[in-house]
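Okay, structure first, notes after.
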Amino acid sequence: RMLGGGRVTFAETFTAYDIAMTAAPFSFTTFGRAYTDTHVPLKCEYNGPLRLQGTTQDLAVTTELRGPSGMLAYDGRVDGDSLGGYGVQGTLRFEGLDLRTLLDTVVTPPTALSGTVELDVVGDSLPNLAGSALLRLERSRVDGNLIYDAYARARFADGRARIDTASMLSVAGTATARGALGLSAAVRDTLGLTVEIDSLGGLRRYLSSASPGDTVPLTGRVQAGLSLIGSLATLGVSGWVDGRELVISNLRVRHLRVMPDFADVNGAIGGSASLQADTLDVAGVRVDMLRGNLSLSEGRTGQFSFIATAANGPVLQSSGDLRFFGDTTGILVDSLSLMFEDHQFALERPTTVRVEPGRMTIDSVVLTGPGAQRLAFAADLPDAAPMRARLGVTALPLGDLAQVMQWPVPLGGELTASLDVAGTREAPVMRGMATVNGVSVGGVTVTRVSMDAGYAGHRVTGTAAVTQ
């Protein structure tokens with residue numbers, strides 16, 4: 001609903017306006033549905049004054065609208081005639097602006113933006129924009145993260161968006177950018193991006209439960225030097241991300257380096273990435289070295305491999321193929337082995353893992369060692385429906401287990417056990433049994449230990465027997 005009055009003059013070659021109105025309210029959602037050719041992406045209802053003076057080709061616009069997404073104001077001129085290209089020249093102001101609500105999309109994180117954009121741009125489509133834009137952000141929030149200030153100056157010409165300078169200071173760290181990107185797939189350029197995070201504490205909401213009173217340790221420094229290559233339509237990413245003295249809960253990493261080199265990340269992604277980590281501690285298990293590689297081809301297939309060497313000798317390695325079907329990922333594990341000094345456990349046959357929205361399925365993973373030694377695991381893990389999982393162990397040397405877990409007390413004996421899991425994630429039901437023959441812990445020896453236990457309804461039941 002619009003209240004107010006004014007005059008509209010229809011001439012042979014132009015339309016003139018002299019209108020003063022108040023939106024009470026004005027619905028962008030209804031307007032966009034009624035006039036689809038305008039391609040207005042804004043949603044929801046807004047209240048506030050609107051003043052229009054001039055012609056369609058040179059229209060003075062002054063408005064300040066308030067609604068569910070915050071405040072939007074504009075003071076300047078608009079060329080609304082497609083002949084020769086649309087244009088805007090003025091200042092856009094916003095306060096507490098939530099882009100998720102304004103655009104009605106879950107793709108955009110919640111925001112509370114305050115600042116201005118000075119616009120002087122003409123063009124009837126993205127590839128042929130010409131002019132400039134200057135963004136200044138005051139104290140704002142993006143996905144709950146505090147941004148102290150941000151600044152960006154862009155020029156549009158020759159099918160490119162040139163970023164003369166851009167910087168951002170936030171609670172998480174700093175970022176700067178300089179360079180250009182193509183506005184269509186036919187124009188390619190490079191935008192350099194540097195990021196520095198002084199402490200992982202600024203990323204707590206992503207790296208921990210982020211619940212009130214959360215005291216999970218989060219420290220370390222992260223730096224990145226990245227190049228965005230190509231255009232907005234076909235964007236590539238290459239460079240490096242470097243982390244030092246990282247502490248995330250029970251994970252500690254002295255040095256971590258990730259090197260991506262991907263093309264068309266917003267389409268049929270292809271390329272590779274490598275990971276190098278040195279001197280890790282995972283809940284007390286020390287790892288000297290971790291190396292990983294990932295390659296992708298046109299967003300449909302890929303390969304992966306990794307190898308990790310524990311500080312006390314054992315080596316874990318795996319490799320396989322990836323398949324992508326819409327929102328489902330299939331992982332074919334060709335190789336998986338855990339190697340000790342004089343023996344190893346190796347994958348008996350290739351196995352598959354399927355990850356889809358709301359469900360993960362793990363085919364039978366069977367590792368075999370010397371003689372009858374065997375480990376097997378299979379699972380069907382939906383988010384809401386009843387799950388099924390089974391772990392089986394046959395004749396596993398406790399010495400191997402102690403070496404992998406890096407327990408200080410020498411262990412001897414062989415473990416045979418099984419564990420079945422059913423029920424839902426909220427109400428799991430578990431049943432397990434275990435038998436250990438020839439147990440030795442330090443200088444204490446036991447001929448046999450057997451156990452049988454169950455869990456259901458938040459209650460544990462079981463029996464145990466020891467044969468000396």
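Here, residue 1 is the first one in the sequence, and each next residue gets the next number. Not measured: the values here are computed from a predicted model.
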Around atom [atom1] of [X], are there more than 12 heavy atoms from other residues, nucleotides or ligands closer than 6.0 Å?
| X | atom1 | result |
| --- | --- | --- |
| D158 | CG | no |
| R257 | CZ | yes |
| M71 | CE | yes |
| R291 | CZ | yes |
| R139 | CZ | no |
| R178 | CZ | no |

Can you see which heavy atom on [X] is nearest to which on [Y], and at what distance?
| X | Y | answer |
| --- | --- | --- |
| F340 | Q403 | CD2-OE1, 3.4 Å |
| A379 | A389 | CB-CB, 3.8 Å |
| A175 | V195 | CB-CG2, 4.2 Å |
| L193 | A177 | CD1-CB, 4.1 Å |
| L381 | R425 | O-NH2, 3.4 Å |
| D278 | V253 | O-CG1, 4.2 Å |

With sequence neighbours left out, write down each residue that passes ring-ring contact (aromatic ring centres under 6.0 Å, His included) with H255, or none if nothing qualifies. none
Using only atom types and a distance under 3.5 Å, with no angle test, would you say the side chain of [X] pairs donor to acceptor with the backbone of [Y]?
| X | Y | result |
| --- | --- | --- |
| D288 | T279 | no |
| S140 | S114 | yes |
| Q406 | R286 | yes |
| T352 | D363 | no |
| R100 | V106 | yes |
| T29 | C44 | yes |
| S199 | G201 | yes |
| T105 | V107 | yes |
| S337 | M339 | no |
| S132 | R153 | no |

For S364 and R349, run side chain to side chain contact (heavy atoms under 4.5 Å, CB included): C-alpha distance rounded to whole Å, both residues' side-chain angles, the deciding distance at 0.1 Å, then the answer. CA-CA 9 Å; S364 181; R349 60 182 180 276; 3.7 Å; yes
Any salt bridge between [X] and [Y], counting N to O under 4.0 Å?
| X | Y | value |
| --- | --- | --- |
| R359 | D380 | yes |
| D420 | R388 | no |
| E356 | R354 | yes |

Measure the [atom1]-[atom2] distance between [X] and [Y] for me, rounded to the nearest 0.5 Å.
| X | Y | atom1 | atom2 | value |
| --- | --- | --- | --- | --- |
| L218 | L203 | CG | CG | 8.5 Å |
| L332 | R323 | CG | CZ | 7.5 Å |
| F345 | T368 | CZ | OG1 | 8.5 Å |
| S305 | N293 | OG | CG | 4.5 Å |
| E348 | R374 | CD | CZ | 5.0 Å |
| L338 | D400 | CG | CG | 7.5 Å |

Flag side-chain contact, heavy atom, 4.5 Å: [X] against [Y]:
| X | Y | result |
| --- | --- | --- |
| E95 | R93 | no |
| D143 | T111 | no |
| L290 | L280 | yes |

Decide whether [X] and [Y] meet the rule of one side-chain donor and one side-chain acceptor closer than 3.5 Å.
| X | Y | result |
| --- | --- | --- |
| Q317 | S335 | yes |
| E196 | T174 | no |
| T435 | T416 | no |

Dump the intermediate steps for side chain to side chain contact (heavy atoms under 4.5 Å, CB included) on V222 and D242, then the final yes or no. CA-CA 6 Å; V222 176; D242 197 85; over 6 Å; no
Decide side chain to side chain contact (heavy atoms under 4.5 Å, CB included) for N266 and L232; before the verdict, give the C-alpha distance in whole Å, the side-chain angles of both, and the deciding distance to 0.1 Å. CA-CA 9 Å; N266 49 347; L232 298 179; 5.9 Å; no
Might you work through the side chain to side chain contact (heavy atoms under 4.5 Å, CB included) test for L102 and Y46, ending with a clear yes or no? CA-CA 10 Å; L102 181 68; Y46 296 84; 3.3 Å; yes
With L322 via side chain to side chain contact (heavy atoms under 4.5 Å, CB included) - residues at least two apart: L294, L296, F304, F324, I331
Step by step, work out the salt bridge (Lys or Arg N to Asp or Glu O under 4.0 Å) result for R431 and D452. CA-CA 8 Å; R431 191 73 193 178; D452 192 305; 2.7 Å; yes
Quick one: sort the H458 and Y455 rings into parallel, tilted or perpendicular, breaks at 30° and 60°. perpendicular
T176 vs T194, side chain to side chain donor-acceptor pair (under 3.5 Å): CA-CA, chis, key distance, verdict: CA-CA 5 Å; T176 59; T194 61; 2.4 Å; yes
